[in-house]
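The structure under discussion appears below in the form of structure tokens.
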Amino acid sequence: MSGRRPGHRVVVVGSGWAGIAAALSACEAHADVTLIDGGPGASALGCGALDDVPWEERDRAAPLGLALVAPTEGPEGGPGADLAWITAALRGGSADGGAAAYQVPPTGEPLPLLCTTGGRVRPARGRDVGLLDLARLPDGARVLVPRADRAGWDADALARLWSADTHARARRLSFDAVDADVLRFDDERRIADADLAARHDATPRLGWLAERLREVASRAGAADAIVLGPWLGARVARASALAAAVGLAAGEAVAPLAATAGLRFEAARGLALGERGVRVLHGRARSIATHDGGSRVVLAMGDPIDADGVVLAIGGLVGGGIEYVPSEHGAGPEGAEVVRPPLRTSVTCGVRVAFRGETGPGSSIFGPALDEVAWPMGAIPGVLEHAGVFDTDLRRASEPGGALLAAGDALANRARTVGVAVTSGRRAGREASGAG
Amino acid sequence: MRGFKVALLERNDLAFGASGNSSGMIHGGPRYMSGDPGVTESSCRDSGHIQRIAPHLLFRIPFIYPVERSQRGKVMLTLIDAFFQAYDEFQPLKRGKPHARLTPDEIRALEPGIRGDLQGGVSFDEWGIDGARLCVANAIDAAERGAKIFLGTTVEAIERREDTGQPVAVRWRDLRNGRTGRITTSAVVNATGAWSPITASLSGLPAKRARVRGGKGIHIAYDRRLTNYAVAARTIDGREIFIEPWQNMSVVGTTDDDYYGDLDDVRATSEEVRYLVQGIARVFPAIQNARAILTWAGVRPTLYEYGPLEDRLSRDHRVIDHTPHGAPGMFSMVGGKLASYRLFAEEMTDVLCEVFGVGAPPASHLTALPGGDVEVDPFAFGERLGIDAVAARRLVYRHGSRAERIAERIERRPREAQVVCPCEPVLEAEVRHAVTAEMARSVEDVSRRTRLGLGACGGMRCAVRCGQIVAEERGLPPRFAHDQALRFLARQARTRVVAMGPEQARQEALAIAAIRADLGAPPPETLDQAESEPR
């Protein structure tokens with residue numbers, strides 16, 4: 001790993017938060033970067049809230065009722081600094097270049113407070129700017145929740161739940177469900193959140209919505225903000241444009257699996273990678289062979305790619321980078337034909353997969369008894385969340401030479417947060433370019 | 001119904017144990033015919049009665065019994081044919097069709113998924129029922145006739161007179177809020193299934209006076225109807241198992257193993273699932289790529305006998321009068337099966353009537369259960385309320401004529417027509433009805449009554465909403481909604497993962513991620529029985 005050569009070739013497998021962090025940091029190290037995009041994973045299904053630690057941990061650790069502020073980063077930076085670094089590169093994915101797609105408060109500033117469609121108010125380290133940040137509203141603010149005839153959006157119940165939440169009560173926020181006409185066409189009672197969000201990409205339609213919300217606001221009396229479902233823009237967050245038109249703060253609630261925030265992530269990612277000249281291949285990597293001085297990445301379709309450094313940012317079970325295939329799956333009438341470890345990487349590259357620190361072949365031909373270990377139990381993570389590439393020194397995942405690095409959810413025993421993905425991706429990208 | 005003042009105490013919830021976790025078949029059990037023909041007959045007869053009093057809860061399960069080609073295959077088939085010839089005698093009792101002998105080609109034409117080298121087979125006819133709904137209907141009926149029903153309430157002690165040994169009172173404790181109380185009584189019926197010896201002990205009787213041999217049975221449910229017919233198969237050790245279309249799913253069952261564990265936390269294990277799937281895959285290999293969405297498990301309170309294999313135990317039932325044990329007025333009900341539950345209860349009441357010299361003649365075989373009196377056309381019902389035809393059909397299935405009460409709710413407040421659980425589907429009005437009229441107190445209770453959250457999404461789309469509704473109806477703070485939902489989701493996940501395939505592992509991981517984003521991590525104490533009423 002002596003100094004980098006010009007034209008140092010880095011291949012990043014995976015296009016989630018860890019993958020783009022690796023690609024961007026390799027670009028900063030002047031490497032020639034190819035990114036393999038195998039389709040949507042955990043990042044593209046993300047909710048737009050950026051965490052560095054699981055938020056409920058932060059919630060539990062915080063003194064009740066006190067405002068949460070961005071923590072001080074250590075001398076070597078930290079997840080907060082890494083999140084700020086990557087979000088600075090991500091702008092709203094519109095043709096005109098747009099404004100920042102994410103906001104990460106610097107040390108000492110209040111952390112975003114977001115309301116979720118599950119009815120909670122929760123802190124985050126950063127946020128998609130389309131999400132309504134309650135921390136930016138004055139204490140005692142009144143937030144309107146327009147009623148809409150859509151599954152998963154019961155404004156009355158949500159208003160009640162949010163108003164009763166500890167964070168909301170500490171800041172005396174109140175939420176009121178109000179009658180509104182926010183759906184324009186009948187099919188909008190049923191279409192997916194992301195499809196409804198895409199309709200608000202069009203400026204005339206957003207104008208129509210602003211008009212409706214102005215009516216709502218004038219009927220409802222004094223209010224400080226309006227919160228809607230994840231419906232405000234699929235390519236660019238339209239919340240600020242809407243807020244400006246209505247004259248009130250406006251934004252979305254956090255919705256898991258709504259895909260809206262994920263679509264905006266993909267748009268912003270495309271713009272950032274394009275600007276830096278990263279070559280993006282759509283397809284799946286099948287195997288990686290490492291040898292002294294280089295690696296070869298074989299794709300499911302297309303020619304193999306040679307590289308000097310490879311970053312494995314293939315995701316965990318959600319992203320499909322780690323697979324669970326028990327031996328009895330697809331077995332013949334006589335039982336399993338071949339006995340293999342049930343948890344393995346989707347890309348063959350000779351690295352070990354582990355969960356809870358355990359590696360190597362188990363002693364059950366069918367794999368772990370998942371009834372006890374699959375799901376998290378409070379603070380104890382489950383196998384499905386924590387299985388990944390076993391990586392003792394936190395950086396290197398493979399043979400001597402260090403040409404292969406792992407990052408993000410593909411790593412075992414790490415919290416599955418955006419912050420962790422970006423930090424590990426940034427470091428892996430730097431190392432893969434020989435600038436470690 | 002027959003002149004007694006009754007209180008029902010249930011430690012967990014209606015249909016929490018074996019009744020709600022059975023295969024839902026009300027059959028004579030051709031399996032029992034050789035050793036226990038009396039059981040087959042009484043079960044068939046009572047199945048006929050159940051069909052009359054709860055017609056809305058029924059569905060037909062036609063069976064195919066394929067026979068593999070082997071040296072003795074031909075003889076086997078002839079024997080089986082003759083066997084079902086005998087079973088045909090009982091079929092009219094339960095409105096069943098006679099069996100038919102099938103060639104291998106006929107079997108494959110009826111059920112193209114069946115593989116293997118076949119000698120032939122037979123078809124026969126059974127009926128299925130929703131065991132949980134049946135329990136709820138019985139409880140509601142009892143309540144409407146004056147019975148007092150205490151759910152989530154355990155018996156702490158049964159007080160008896162020191163001189164005569166007769167029961168005088170039952171001391172109880174509500175497990176969710178810790179309240180205690182005492183009910184005076186002159187007779188106690190211990191109908192606690194696998195819990196029977198425990199309950200007997202609470203009255204000071206030795207546990208062996210009401211002992212049962214608990215046999216654990218598990219079922220695996222798949223996300224759709226994989227077959228049109230139920231298909232019988234054999235496990236590696238020669239036990240008979242089946243895959244049956246059940247409501248809108250397919251169900252594979254079952255095991256029968258002596259159980260020594262905690263009765264409040266009976267779960268299927270990965271090993272049991274593998275054992276069943278292996279057996280089904282031999283005749284129906286597509287099962288290996290099917291999507292299992294949940295498993296359930298229960299413990300049969302089989303009549304005690306030391307020695308025989310589980311499968312060989314009698315399925316008969318018995319009323320134990322504890323007078324010879326020095327406790328006149330104490331009775332235990334042990335053994336039995338779903339198909340003869342009504343008969344068993346009737347026999348018990350007959351004994352009580354005789355002892356106390358009171359009582360009208362039995363009528364439970366003629367009197368319809370709530371909802372079973374008038375047939376409702378689901379399509380007209382759906383159209384009238386402007387709700388989806390599938391939702392209407394399922395609603396009418398579960399509630400029969402009582403669906404009208406849910407309709408009244410919707411007519412008063414049209415917003416309650418909103419779908420809460422899209423998989424089943426379940427409407428908001430039905431969830432509210434389950435809380436106000438069917439004694440549901442938690443998301444899990446609602447799920448047991450409506451099948452909410454038991455579909456392909458595992459409750460991801462409805463648990464929180466359901467928790468909100470339950471909290472609202474019970475006047476509890478919103479925090480209760482989250483706790484309930486998380487508890488339900490974690491518990492459901494634990495029943496699913498034992499049957500999980502490759503693609504599902506991804507979705508399961510996604511489910512965890514989504515819950516983390518939305519509600520925070522699942523609670524550490526997922527099986528906390530004594531969930532206190534929230535702050």
Side-chain angles (χ1 to χ4, degrees), chain A residues 42 45-47 49 51 54-57 59 116-120 122 149 151-152 154 157-158 160-165 254-257 316-320 322-326 328-333 335 343 366-372 374-382 384-385 416, chain B residues 115-116 236 267-271 274 277-278 281-282 285 288-289 415 418-420 422 428 460-461 464-465 467-469 471-472 477-479 481-482 485 490 493-498 500-502 504-526:
Chain A
L45 291 164
C47 62
D51 295 308
W55 66 266
E56 60 273 12
E57 277 174 30
D59 220 27
T116 78
T117 53
R120 300 208 61 176
R122 59 100 129 192
D149 184 14
D154 184 329
L158 289 174
R160 213 168 28 241
L161 287 166
W162 290 330
S163 300
D165 197 278
V254 171
L257 308 183
L317 272 154
V318 177
I322 306 297
E323 292 176 335
Y324 170 73
V325 189
E328 78 265 42
H329 180 76
L343 285 157
F366 301 115
L370 287 173
D371 29 347
E372 293 301 332
W375 259 58
M377 301 277 275
I380 309 164
L384 297 181
E385 233 188 339
R416 299 316 203 213
Chain B
R115 292 285 183 279
I236 193 165
R267 277 178 292 125
T269 66
S270 315
E271 291 135 274
R274 287 160 187 162
V277 170
Q278 180 193 34
R282 231 177 126 84
Q288 283 179 323
N289 296 313
R415 271 171 44 83
Q418 219 173 37
V419 174
V420 176
E428 184 181 324
M460 289 300 301
R461 293 189 283 178
V464 175
R465 181 77 191 96
Q468 291 166 7
I469 297 171
E472 198 190 350
R479 178 73 211 163
H482 295 137
R494 277 175 97 195
T495 77
R496 265 194 320 267
V497 287
V498 292
M500 192 169 62
Q504 275 174 280
R506 265 187 91 168
Q507 292 182 7
E508 208 60 50
L510 192 57
I512 298 169
I515 292 174
R516 269 207 197 282
D518 208 11
L519 295 173
E525 287 296 306
T526 50

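These values consider heavy atoms only, across backbone and side chains, with no hydrogens, waters or symmetry-generated copies. The sequence lines fix the lettering, A, B, ..., with proteins before strands; numbering per chain opens at 1.
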Can you tell which part of [X] gets under 4.5 Å to a heavy atom of chain A, answering side chain, backbone, both or neither?
X: B:I469; value: neither
X: B:V497; value: both
X: B:E271; value: neither
X: B:A485; value: neither
X: B:R115; value: neither
X: B:R461; value: neither

Please look at A:R122 and chain B and tell me whether the side chain, the backbone, both or neither of the residue comes under 4.5 angstrom of a heavy atom of that chain.
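Looking at A:R122, just its side chain touches chain B.
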What part of A:L45 gets within 4.5 angstrom of chain B, counting heavy atoms only: side chain, backbone, both, or neither?
side chain
Residue selection (most heavy-atom pairs with chain B, distance under 4.5 Å) from [options]:
options: A:G46, A:G320, A:A255; answer: A:G320
options: A:V318, A:L384, A:L257; answer: A:V318
options: A:G119, A:G152, A:P326; answer: A:G119

For the residue pair B:A514 and A:P256, what are the closest heavy atoms and their distance?
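In this case the closest contact between B:A514 and A:P256 is O-CB, 3.5 Å.
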Over all atoms of both residues, closest heavy-atom pair of A:A157 and B:R465
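Heavy atoms of A:A157 and B:R465 come nearest at CB-NH1, 4.0 Å.
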Let me confirm one number: the [atom1]-[atom2] distance from [X] to [Y], rounded to the nearest 0.5 Å.
X: B:R479; Y: A:R120; atom1: CZ; atom2: CZ; value: 4.5 Å
X: B:H482; Y: A:D165; atom1: NE2; atom2: CG; value: 7.5 Å
X: B:R494; Y: A:W375; atom1: CZ; atom2: CH2; value: 11.5 Å
X: A:L317; Y: B:Q504; atom1: CG; atom2: CD; value: 12.5 Å

Among the listed options B:A509, B:P502, B:G501, the residue most often paired with chain A at heavy-atom distances under 4.5 Å:
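Highest number of pairs under 4.5 Å: B:P502.
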Is there side-chain contact between A:P376 and B:I512, with at least one heavy-atom pair below 4.5 Å?
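Yes; the side chains approach each other to less than 4.5 Å.
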Could you check whether any side-chain heavy atom of B:D518 comes within less than 4.5 Å of a side-chain heavy atom of A:V254, counting everything from C-beta outward?
no
I'd like to know whether B:R506 forms a side-chain contact (heavy atoms from CB on, under 4.5 Å) with A:E323, so could you lay out the CA-CA distance, the side-chain angles of the two residues, the decisive distance to 0.1 Å, and finally the verdict.
CA-CA 8 Å; B:R506 265 187 91 168; A:E323 292 176 335; over 6 Å; no
Short N-O contact, A:E56 and B:R516, less than 4.0 angstrom:
yes
Checking side-chain polar atoms at under 3.5 Å, does B:Q418 have a donor or acceptor matched by the opposite partner on A:D154?
no
